[in-house]
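The next block holds one structure in the form of structure tokens; read it before the comments.
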Amino acid sequence: MPELPEVETVRRQLEPLVSNAKIIDARAHRSPKFAPALEAIGSTVANVHRRGKYLLVGLLDPGQAPGGPPSRELIVHLGMTGALHVDDTSPSDPYERASWDLADGRTLWFRDIRRFGRIAVVSAGDHQALPTLHHLGPEPFDPALDGPRFHRALAASRSRVKTHLLSQRPIAGVGNIYADEALWRAGINPGIRRVGPTRAEALLGHIRDVLAEALDHGGTTLRDYRTPDRSTGQNQFRLDCYGRSGRPCRRCATPLISRELDQRTTTSCPNCQAR
DNA sequence: CGGGGTTCCTGGCCGC
DNA sequence: TGCGGCCAGGAACCCC
């Protein structure tokens, strides 16, 4: 499931493939989650940025000077099973949810088995229609994000620390996998509602480490995640906590446990992450 | 406005 | 072999 490392891996591959390409046609699944793809017809791709788990494709409208700031953005959220590919041909794919024909004959495809993904076209920077993006916390590697600021962000909610992380408000781009991994490294019980300044700073460091390492390994492919060139990530072989319920903790050998926490499966070590 | 519950989806897996 | 039932889960959405 694409979290920050997966989405950033996609972004890095995608940007050189589609920059400067003009979108001459598009098709989309009728669902309002995908139909906005059609609104990109006629525009030219300026760049591909990322905020949290959202891909932001800068669009130059027809007649807009190349090199200027894009007037609109094509926003793509990959959801659970979304993937983007660029092809010369038009392969038949029952899971295609949207596609954009480029002027040079190639096609950009969005495939998404479970349809948890989402596509929007908005005026540049206008994210009102996507509440989570609108209220998105700082990028994990933003130098302005430090221990005290992260501590204040965590303290702004009385939710369980893991639930708060998944809300994307204290920090952008952390999903279920990397939340479990970072909390395990930090020795923090996912269910606690208050994190002190020292532990908050440590948790921030572990989040950064977990995300950076996953990015180095091309992301985590549990089942469906693929990059634009269809390769898988390799980080699934490096997970210490997520998906390891019942297996021994790599620090203390206690069997890891899995439980529901605010309707999210959560794995943790009952010893290392005791309250 | 924050927080909690519900919903969207379908392949893979399990048990019989 | 076939099939019903269950699970995974990000974020929008609704309601209090």
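Here Ser31(A) lies out of heavy-atom contact (under 4.0 Å) with every strand. Within the nucleic acid shown, Thr81(A) has no heavy atom closer than 4.0 Å to any nucleic acid atom. Residue contacts for Leu130(A): at a heavy-atom cut-off of 4.0 Å it reaches the sugar-phosphate backbone alone, with no base atom in range. Arg115(A) comes within contact range of the sugar-phosphate backbone alone, with a heavy-atom separation under 4.0 Å but no base atom that close.
Ring stacking holds between Phe116(A) and dG9(C), with the centres under 5.5 Å apart and the planes within 30 degrees of each other.
Residues meeting the side-chain hydrogen bond (donor to acceptor under 3.5 Å, both in side chains) test with Thr81(A), sequence neighbours left out: Asp112(A).
Listed by residue number, the members of residues 165-180 of chain A with any heavy atom below 4.0 angstrom from DNA chain C are Gln168(A), Asn176(A). A heavy-atom distance below 4.0 Å to DNA chain C is reached by these residues of residues 235-243 of chain A, ordered by number: Tyr242(A).
For dA12(C), one of the phosphate oxygens OP1 or OP2 lies less than 4.0 angstrom from a side-chain nitrogen or oxygen of Thr132(A). Remark: Arg264(A) is in phosphate contact with dG10(C), judged by side-chain N or O atoms under 4.0 Å from OP1 or OP2.
Sorted by first and then second residue, the pairs that involve residues 241-251 of chain A and meet side-chain hydrogen bond (donor to acceptor under 3.5 Å, both in side chains), not counting sequence neighbours, are Asp240(A)-Arg250(A). Within the structure, side-chain hydrogen bond (donor to acceptor under 3.5 Å, both in side chains) pairs that include any residue of residues 29-42 of chain A comprise His29(A)-Arg115(A) (at least two apart or interchain).
In the helix from dG2(B)-dC16(C) to dC16(B)-dG2(C), the terminal helix axes, each the rotation mapping four pairs' C1' atoms onto the next four within five end pairs, subtend 30°, rounded to 10°.
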